[in-house]
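Inspection log for the structure reproduced underneath, given as structure tokens.
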Amino acid sequence: MRAVVLALTVALVVPEFALDKTYVYKYEALLLGGLPHEGLARAGIKVSSKVLLSAVTEHTFLMKLMDPLLHEYAGIWPKDPFVPATKLTSALAAQLQIPIKFEYANGVVGKVFAPAGVSPTVMNLHRGILNILQLNLKKTQNIYELQEAGVQGVCRTHYVINEDPKANHIIVTKSKDLSHCQEKIIKDIGLAYTEKCAECTERVKSLIETATYNYIMKPAAAGVLIAEATVEEVHQFSPLKTQTLAFVEIEKTPVVPIKADYLARGSLQYEFATEILQTPIELMKISDAPAQIIEILKHLVANNVAMVHDDAPLKFVQLIQLLRVATLENIEAIWAQFKDKPVYRRWLLDALPAVGTPVIVKLFKEKFLAGELTIPEFIQALVVALQMVTADLETIQLTASLALHEKIATIPALREVIMLGYGSMIAKHCVAVPTCPAELLGPIHEIAAEAISKNDIPEITLALKVLGNAGHPASLKPIMKLLPGLRTAATSLPLRIQVDAILALRNIAKKEPKLVQPVALQLVLDRALHPEVRMVACIVLFEAKPSVALISSLAGALKLETNMHVASFAYSHIKSLTRITAPDMAAVAGAANVAIKLMSRKLDRLSFRFSRALQLDFYYTPLMVGAAGSAYMINDAATILPRAVVAKARAYLAGAAADVLEIGVRTEGLQEALLQSPAADESVDRITKIKRTLRALANWKALPTNQPLASAYIKLFGQEVAFVNVDKTVIEEAIPIVTGPKPRELLKAALKALQEGIALQYAKPLLMVEVRRILPTAIGVPMELSLYTAAVAFASVNVQATITPPLPEEIETMTLEQLKKTDVQLQAEARPSVALQTFAVMGVNTALIQAAVMARGKIRTIAPGKVAARADILKGNHKVEALPVEVPEHIADVSFETLAVVRNIEEPTAERIVPLVPELAMQNAQTPADYSSSEIPDQAALRSATPFHKTLCLAVPYIEIKGCIEVHSHNAAFIRNDPLFYIIGQHSARASVARAEGPAVERLELEVQVGPRAAERLLKQISLIDEETPEGKAFLLKLREILETEDKNVRVSSESSSSSRIISSSSSSSMSSSRMTEVRTWDVTATVMEPFRKFHKDRYMAPHGASKAVSSGSTASSFEKIQKQAKFLGNAVPPVFAVIARAVRVDHKLLGYQLAAYFDKPNARVQLVVSSIAENDNLKICADGAVLSKHKVTARVAWGPECQQYAVIAKAEAGVLGEFPAARLEVEWERLPIIVTTYAKKLSKHIPMAAFKAGFRLERVSNADKEIELTAALPSQRSLNVIARIPEMTLSRMDIPLPIASKPVCEYSRASSLSATVVIGYACMNILSSVDLTNKAFKRSFSLKTCTY
């Protein structure tokens, strides 16, 4: 017998089934989703049956299922049992037991035949069984590899054939690598604009997609018999699939086909059925789609009136699903029924674009041409519909005909939307069909060629943007005709056309980077081109992921670059790439690290007035998630405005990457218009330049008409969806609209409506995310990974206005005096609310049964508010009141939960939902940190997490409102200390607002009174205590005793705590000694600092230092002298204005604060006093400031009882430091709150190390204990000196590079007396307006020149 087995191993005979026998097998298939840890919930299905195989001819066989039974599972694994789906099995029994016919020769399954009554879903179950019989056995090899067809496509398969002489059988092991398939059966929805990130998946070693088949073959008379077959399929982040096929017996009764035509039903490969139209978040039994659509519409309208309903997002998704099933006739009938009902019409117009079927585009086209849709409605619908629709040839042709329609051609904005959508549809079609023909772009190429011949710049721009959206390599040749430097004809085109042509290469570079890289590099290195063109080409080059050689070539060329904008842009771009961590950019980052070493480090010191590129990213490899951001700023030497600014956000998720959002703005037309104005004259001073620039902008009629002044665009997922050009024509068309009669009519109508009362209710639903990936399993059941996010925003607004006296009929005749006498009262109530639901699903999704693991997140917020406002212009009184409003139980509700769900179509309401992490008592008190992140103890399955539940409440004083936040969390971190296990479980947070205990609050008031009546509106007389009176002296004496007692208690507590700190510090002294040594290494030398000289009466005061006491005393005495004249200005002058904020309670108790502002014009002094209006509360805040001279400002802020407890004095002045223009700020304090001094002392311990890391020099000196001084000087155009004096130390740093280089301040002599405002103002103005590329010597002579003020 051993000889027979050896012979079979060498020349293995394929499985044979005799013509006169029926082979009976026992079949069982299991698909189970969830994490493979005991004690957690899982969901899945099981199929069991007898399988009868009978030969009809030599190569044709029949297969019949006997006693099939479907089981469902949603429970805690492994203790909960499978539940038979009896009703579903009964409903499918007739189909399941129909024999199917298939071709089978040499172990290979050929064509499959079945009657028309067998549904695609049942056929796929049969294919799962036939897939086991697929055996490509070779006669001369025991170990080999090939590409084998199966249910999941044609994939790499590895065979190993072994013998077992003792058991007298042969073992065949077949392994399929499902990640390497020539023809992989997969269906992606919503992923057309994403890029596959192969490098992302390669980093995750555990990311596997394999199916292993183990066969036990026994010798038989006709060859070999499959005695047993076991299949196990594993996907990362997906359910486990297993199959077993075990031989039972051989029967004599053959399988008889039914009396029906057996139609060809394809091959062994999976056939997609209705699961494409079935959302995985809910199983709907669709019996009458039009009736169900109307029912859901009515539900949405009826239940979203006062506020958004909890289930509104889910109902909106159901509406979309039903519309996908409905026919064009059904939708047209529903539209005809509800088009004249505004609320229903809006819900339909929001839902139809998200359906994504070609029927919808055809419907919109017909309704617009028939005049049933307005232009805004049509544009809004098409922007979404063209991005969501399935891009087949029929839809592409439909869109092309729509773009060329004569009615559409008369509406430029609408035509642009359709044309951009046409390019996006071609891009989507080419993703689904990689061999998409170039003829699809024929109409666009013709439009571009015609526009070039006519020099039609707007049409060329539109054609380039469409070609950029399509991203087809066949468009490279037409685009290159418009690239500068490569074709002579392009040099005569405007600069913006050249830039658009380069940007159109970006999507082509993603598909064919080798074609775009040399073109982009050539443009970057061509010094004859405009700098902006070269910098845009640099962006395209790096997005094409160049090699080390290309980047090194660019770096070498930049050594000789003469244009500093190009050099700065390329250098900053390469440098930012060196820090990129995203896997798909790893090779580019490595090349950038090589190239950056070849470039000059001087480029790193260029200021931000030169062009820059910046890229930042974050990537977390275990979860394969990340985000990246890019920003590009292209500057110009001409004006302060940058020529272009571009910002882009990119996201990474589960092996895919996408450019989520990109926004770009260009101002080249405005730049050139300003350059041609007299403001561009470099010989004039700054003020004259600013005046001329403003005059040039005001005289807009003289601006050129042949180019836009500015332009902007927006891209979503790499596709440009909208752009706008602002030119002289747009301004000319906008001015009559704004200044014509229509705005006045709208204003009159709005005012009339306000007086009559406005009640508005508006809902806006949105399907924000729909991403699906459907792939077949070896069982023949589809497995889906999907993400859905839907939101509904709702607002209910009621506004009522009363205007006294009534406005005249002709509003334009109203005079200013009439307006001043108008009293306007407005009352408004709004209840905005938002509901959002997100579903992430992984599991089985068919039209018959769903079994999946689901993560469900919900957000619902309601923010009601009611206000009343009044403006009495004549009396200068303005008041806003917040009135009580009905508040729901929770104003915000956020929840996230992970569930195991199973449901079937025969019992849709009997779904079983089990939390993934059961809430059980903790049986073991060990923490997650006790376990390794990679190993799971055996007893881990016996434990469960203890839920975390906490409620935090805070009552707001005075207004008697209590806010509470309730948090609940329950996760699976007890199993493994891993981010994924912290997410799994149930988490929720709720926020509520309610009245607290105490007297109810009627309203909150904020009142502003301007003018002479301000004093009358004050609710409590304001007065400040006079220290010279007996009452004042007694009050100060009592306050001093309280403060001394407080200080004594603080000293006692600090002494008791210091001993413990000494003990703890001794244990850590060895650790901190190295740090102190590091600080002392740069602490030993003192810096000789130039004195700060202040302007005073046309000459400088004495240097800072020896005579500081004199100068400070002079400043203080000057300010104190002004204060002594009138300590409280309210005794001499009335308040300029008053502000009262208070809570009006039912007990009429005064609570709140009032502010009074006083102005002493002769002394240029301002005083603000804030006081409490409550009885027996003398808390006040006093701010007193004065302009002592043109170069010095002083202010004092005091607070506490009668403004006597704490005080801070601030002084700001201008002068020179050495010979450089400078400014100084001094802050002194008399007394500060204990909490401030405590934290300040803690913070001061970290100053030395922070200063060292920031590049500051620190010197230990005895500065004033209660003073901080900051001095800043400008020694040159590009640097800043900073000196900071704080108690016990002085910090300084010289030559700090400025991000924007400054120009010399208007030079002045040492005898001049410029104000602080003039010095600082000119410095700021020169910094902002400095965009020259030439380096002028910074003049330090300070000789007076003519200045225009």
Side-chain angles (χ1 to χ4, degrees), residues 195 464 467-468 471 473 475-476 479-480 482-486 490 495 498-561 563 565-580 582 584-596 598-599 603 610-615 617 628 630-634 643-644 646-648 650 657 659 662 664 715 718:
E195 309 162 33
L464 285 173
L467 294 178
S475 300
L476 184 60
I479 293 173
M480 289 182 66
L482 301 172
L483 294 178
L486 303 178
L495 177 63
Q498 301 175 20
V499 171
D500 287 339
I502 298 173
L503 292 176
L505 299 173
R506 297 171 75 184
N507 281 336
I508 299 176
K510 294 177 181 179
K511 299 177 181 178
E512 298 292 343
K514 299 297 183 183
L515 295 177
V516 176
Q517 288 171 0
V519 176
L521 182 62
Q522 183 178 348
L523 294 172
V524 175
L525 299 182
D526 191 347
R527 297 181 183 175
L529 300 181
H530 192 280
E532 183 180 359
V533 171
R534 300 175 63 193
M535 287 182 274
V536 172
C538 185
I539 296 174
V540 176
L541 174 64
F542 286 113
E543 287 187 355
K545 301 177 183 178
S547 62
V548 178
L550 285 179
I551 298 181
S552 299
S553 300
L554 175 62
L558 289 176
K559 290 182 178 180
L560 305 176
E561 181 59 52
N563 189 289
H565 279 285
V566 176
S568 174
F569 187 86
Y571 179 83
S572 60
H573 204 159
I574 295 174
K575 185 176 180 181
S576 64
L577 286 173
T578 62
R579 299 185 291 266
I580 294 297
D584 62 329
M585 296 294 289
V588 180
N593 276 292
V594 174
I596 202 72
L598 305 175
M599 303 180 72
L603 297 174
F610 295 103
S611 301
R612 291 265 174 166
L614 176 65
Q615 287 194 338
D617 77 331
S630 305
Y632 309 107
M633 183 176 67
I634 298 176
R643 291 191 67 90
V646 179
K648 183 176 72 172
R650 185 173 174 86
D659 296 330
E662 180 179 329
K715 285 188 174 184

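What's counted below: heavy atoms across the whole structure, side chains too, no hydrogens, waters or symmetry copies.
Judged purely by atom type and a 3.5 angstrom limit, Asp659 has no side-chain atom pairing as donor or acceptor with the backbone of Gly718.
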Could you check Phe569 against Ile539 for side-chain contact (heavy atoms from CB on, under 4.5 Å), going step by step and ending with a plain yes or no?
CA-CA 10 Å; Phe569 187 86; Ile539 296 174; 3.6 Å; yes
Worked verdict on Leu558 versus Tyr571 for side-chain contact (heavy atoms from CB on, under 4.5 Å):
CA-CA 8 Å; Leu558 289 176; Tyr571 179 83; 5.5 Å; no
Val519 vs Met480, test: side-chain contact (heavy atoms from CB on, under 4.5 Å). Steps then yes/no.
CA-CA 9 Å; Val519 176; Met480 289 182 66; 4.1 Å; yes
Before you tell me yes or no, could you show the steps for Lys510 and Glu195 under side-chain contact (heavy atoms from CB on, under 4.5 Å), namely the whole-Å CA-CA distance, both residues' side-chain angles and the distance that decides it to 0.1 Å?
CA-CA 8 Å; Lys510 294 177 181 179; Glu195 309 162 33; 3.4 Å; yes
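To the nearest 0.5 Å, atom CG of residue Leu476 and atom CG of residue Leu483 are 8.0 Å apart. Separation of atoms CD1 (Ile502) and SG (Cys538) is listed at 11.0 Å; rounding is to 0.5 Å. Remark: Leu554 CG to Leu598 CG distance equals 10.5 Å, nearest 0.5 Å. With rounding to the nearest 0.5 angstrom, the NE2 atom of His565 is 9.5 Å from the CE atom of Met633. Summarising the geometry, atom NE2 belonging to His573 is positioned 8.5 Å from atom CG belonging to Leu541; distances are rounded to the nearest 0.5 Å. To the nearest 0.5 Å, atoms OG (Ser547) and CD (Gln517) are separated by 6.0 Å.
Summarising the geometry of Ser568 relative to Ser611, their closest heavy-atom pair is OG-O, 2.7 Å, with the distance given to 0.1 Å. Here the closest heavy-atom approach between residue Ile634 and residue Glu532 is recorded as CG2-CG, 4.0 Å. Between Asn563 and Pro531, the shortest heavy-atom distance links the atoms ND2-CG, 3.3 Å. For the pair Ala509 and Ala544, the tightest heavy-atom approach, listed with the atom from each and the gap, is CB-CB, 3.9 Å. Pro484 and Leu529 get closest at one heavy-atom pair: CB-CD2, 3.7 Å. The shortest non-hydrogen separation linking Ala504 to Leu464 is CB-O, 3.6 Å.
Salt bridge Asp617/Arg650: absent, no basic N to carboxylate O contact under 4.0 Å.
The shortest distance between side-chain heavy atoms of Ile580 and Val588 does not fall below 4.5 Å. Side-chain atoms of Lys545 and Asp584, non-hydrogen and from C-beta on, do get closer than 4.5 Å to each other. Taking 4.5 Å as the limit, some side-chain heavy atom of Leu503 sits within range of a side-chain heavy atom of Val536. Side chains of Leu577 and Ile596 form no contact here, defined as non-hydrogen atoms less than 4.5 Å apart. Residues Arg643 and Val499 have side chains not in contact (no heavy-atom distance under 4.5 Å, counting atoms from C-beta outward).
Listed by chain and residue number, Arg506, Lys648 satisfy the salt bridge (Lys or Arg N to Asp or Glu O under 4.0 Å) test with Glu543 (two or more places apart in sequence, or in another chain).
Checked against Phe542 for a side-chain contact (heavy atoms from CB on, under 4.5 Å), the options Leu550, Ile551, Val524 give a single hit: Ile551. The only member of Ser576, Ser572, Ser630 that meets side-chain hydrogen bond (donor to acceptor under 3.5 Å, both in side chains) when paired with Gln615 is Ser630.
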